[in-house]
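Worth saying up front: this structure is predicted, and the values here are computed from it rather than measured. For ligands, and for the atoms within them, numbers begin at 1 and follow the listed sequence.
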Amino acid sequence: MSETATLAPPSPLADRLLRMTEPATIAMAKKARELAAQGVDVINLSFGEPDFPTPQYIKDAAKKALDDGYTLYTPVAGIPELRQAICDKFRRENQLDFQPNQIVVSTGAKQALANAVLSLVNPGDEVVVFSPYWVSYSEMVKLAGGITVELLGTLENDYKVTATQLETAITERTKLIMYSSPCNPTGAVFSREELGEIAAVLARHPQVFALADEIYEYINFVGEHVSLAQFAEIAERVVTVNGFSKGYAMTGWRLGYLAARQDIAAACEKFQSQITSGTNSIAQRAGVAALQGGRASADEMVTAYRRRRDLVLEVARTIPGLQTPTPSGAFYVFPDVSAFLGRTAPDGRSIVTATDLALYLLADAHVAAVAGDAFGAPRCVRFSTAAADDKLVEAFRRIKASLGKLS
Ligand SMILES: Cc1ncc(COP(=O)(O)O)c(C=O)c1O
């Protein structure tokens with residue numbers, strides 16, 4: 001046999017795909033489902049999804065949209081009524097002044113983020129990603145050919161990156177910074193003062209743009225939500241992303257949006273026009289109703305998320321070695337698990353990484369969580385608190401027992 005005949009055929013897939021990874025959140029959810037299918041009582045805390053139904057008034061608006069015949073293509077950037085409702089929301093809740101031609105409605109905030117990254121980042125550009133970060137940021141940067149520069153916030157500062165850290169990370173090749181506040185996975189919320197300091201750094205670097213992911217805006221336990229675009233000196237360089245998935249429990253509807261300087265919004269619209277066109281027409285009509293209803297339905301959910309956070313922290317803080325900062329928003333706790341790395345499970349398996357620990361917790365406690373590696377924080381594990389109170393208490397009781405068995 002010739003030498004070439006023994007070689008595996010080259011993958012037919014494009015290089016960009018071979019460089020991409022599947023989100024760890026989705027991979028863990030899959031493992032949890034497989035175990036549950038075998039009859040195991042798995043408590044799945046790997047999801048980044050509200051466990052509430054979409055409010056009835058939004059569902060009613062969708063049914064009406066269908067009956068009224070809103071079933072055809074829409075303008076790429078979204079129906080005028082929704083873009084106007086988004087402008088009204090920004091003015092009312094964020095004191096931000098946008099015109100409808102600065103808004104692009106997308107298939108989830110995920111597409112809005114991808115639109116912005118792919119419209120702004122050239123191959124070789126550096127993108128400073130505040131870390132821990134949401135899993136898809138670094139993959140989107142990779143897809144654009146950019147270079148992710150991870151900037152890790154410290155546990156002492158609730159994992160929040162400081163302006164001083166940012167200053168040291170910016171080079172002449174930096175094009176963009178990306179962060180979420182409230183943050184997935186840490187639940188940290190930037191204060192006005194902290195964002196003001198970050199804005200001051202950006203003001204000194206006019207080539208740097210910012211992507212502010214505000215998808216968890218409504219799930220905030222400290223009160224004030226601050227948008228980076230509120231800082232006038234840099235507002236022109238901020239792309240603000242938001243959506244309906246978390247605040248209105250509408251993950252399956254796939255509805256998000258961005259607001260930006262008109263030329264950037266037009267670029268994002270152009271990009272989207274070649275990939276997906278306007279998002280679902282019925283979801284867009286429902287989105288108008290959602291925004292017109294304000295945030296009352298979100299406030300009810302937030303009461304539950306806060307109570308659950310407190311329940312979880314109460315148990316988590318009794319687990320020796322687990323260092324769990326208090327989340328100020330979103331629906332996750334993100335403890336540092338360093339104290340358990342390097343230990344051995346009762347069955348002899350070594351717990352070297354946070355992924356080993358997450359897999360051990362799934363096998364022993366039957367609790368699914370996501371290792372911090374995927375979020376740029378390899379010494380942490382993310383647990384969702386978007387589950388029923390009794391499930392959360394039971395999950396952390398089991399976690400405590402399983403961690404107690406490590407030697
Ligand atoms: C920080 C962050 N940004 C964006 C998204 C995407 O949201 P959407 O469902 O609107 O695409 C998520 C979803 O988990 C998220 O956690």
Side-chain angles (χ1 to χ4, degrees), residues 22-29 44-52 54 58 78 82 86 89 103-118 129-141 153 159-161 177-190 210-220 225 227-228 239-259 268 272 275-276 279-280 283-284 286-287 290-291 298 301 305 327-334 369-370 372 374-377 382-386:
E22 182 190 28
T25 42
I26 291 176
M28 199 59 181
N44 190 351
L45 305 184
S46 69
F47 279 135
E49 169 156 85
D51 61 326
F52 294 99
T54 303
I58 302 174
L82 180 55
I86 291 167
K89 180 258 180 233
I103 308 294
V104 182
V105 177
S106 297
T107 304
K110 198 175 221 173
Q111 188 181 23
L113 289 162
N115 280 343
V117 170
L118 289 156
V129 174
F130 289 14
S131 171
Y133 54 84
W134 184 50
V135 289
S136 293
Y137 293 174
S138 54
E139 294 298 319
M140 289 176 185
V141 173
Y159 304 110
K160 284 184 282 189
V161 165
I177 71 164
M178 286 178 83
Y179 73 89
S180 61
S181 178
C183 176
N184 176 5
T186 67
V189 173
F190 278 119
L211 194 40
D213 181 350
E214 304 188 355
I215 184 97
Y216 289 94
E217 173 183 10
Y218 288 173
I219 306 169
N220 179 331
H225 173 81
S227 292
L228 190 62
V239 179
T240 305
V241 168
N242 209 324
F244 297 77
S245 285
K246 316 293 172 170
Y248 291 102
M250 291 175 69
T251 46
W253 298 67
R254 310 310 302 127
L255 195 62
Y257 55 89
L258 63 77
C268 292
Q272 183 167 302
I275 304 283
T276 55
T279 191
N280 181 294
Q284 290 189 58
L291 290 176
M301 297 184 231
Y305 291 136
S328 298
F331 38 66
Y332 309 98
V333 288
F334 199 60
V370 186
F375 308 98
R382 189 191 77 172
F383 299 91
S384 166
T385 55

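For ligand 1, the atoms lying closer than 4.0 Å to a non-hydrogen atom of Lys110 are 6 (C), 8 (P), 11 (O).
No side-chain heavy atom of Ser106 sits less than 4.5 Å from a side-chain heavy atom of Arg254. Considering only heavy atoms from C-beta on, Leu228 stays 4.5 Å or farther from Thr240 through its side chain. At least one side-chain heavy atom of Ser138 sits less than 4.5 Å from a side-chain heavy atom of Tyr133.
Outside the 6.0 Å centre-distance limit, the rings of Phe130 and Tyr137 are not counted as a close aromatic pair. The six-membered or imidazole ring of Tyr216 lies near that of Phe331, with a centre-to-centre distance under 6.0 Å. For an aromatic pair to be called close, the ring centres must be under 6.0 Å apart, and Phe383 with Tyr332 fails this.
At the top of the distance list for atom 16 (O) of ligand 1, counting protein heavy atoms only, stands Asn184 ND2, 2.7 Å. In this structure, the protein non-hydrogen atom closest to atom 11 (O) of ligand 1 is Arg254 NH2, 2.8 Å. The protein heavy-atom contact nearest to atom 1 (C) of ligand 1 is Asp213 OD2, 3.3 Å. For atom 14 (O) of ligand 1, the closest non-hydrogen atom on the protein side is Lys246 NZ, 2.7 Å. Scanning the protein heavy atoms around atom 6 (C) of ligand 1, the nearest turns out to be Trp134 CH2, 3.5 Å. Summary of contacts: the protein heavy atom closest to atom 9 (O) of ligand 1 is Ser245 OG, 2.7 Å.
Residue contacts with ligand 1: Gly243 is excluded, as none of its non-hydrogen atoms falls under 4.0 Å. The shortest separation from a heavy atom of Ile215 to ligand 1 is under 4.0 Å, placing the residue in contact. The closest approach between a heavy atom of Tyr216 and any atom of ligand 1 is below 4.0 Å.
When only interatomic distances are considered, the shortest N/O to N/O separation between Thr107 and ligand 1 does not fall below 3.5 Å.
Panel note: side chain Glu217, backbone Pro182; no donor-acceptor pair is recorded below 3.5 Å.
Glu214 and Asn242 are not linked by any side-chain donor-acceptor pair at a separation below 3.5 angstrom, with hydrogens and angles left out of the test.
Residue contacts with ligand 1 for Ala109 involve both N, CA, C or O and side-chain atoms from C-beta outward (heavy atoms, distance under 4.0 Å).
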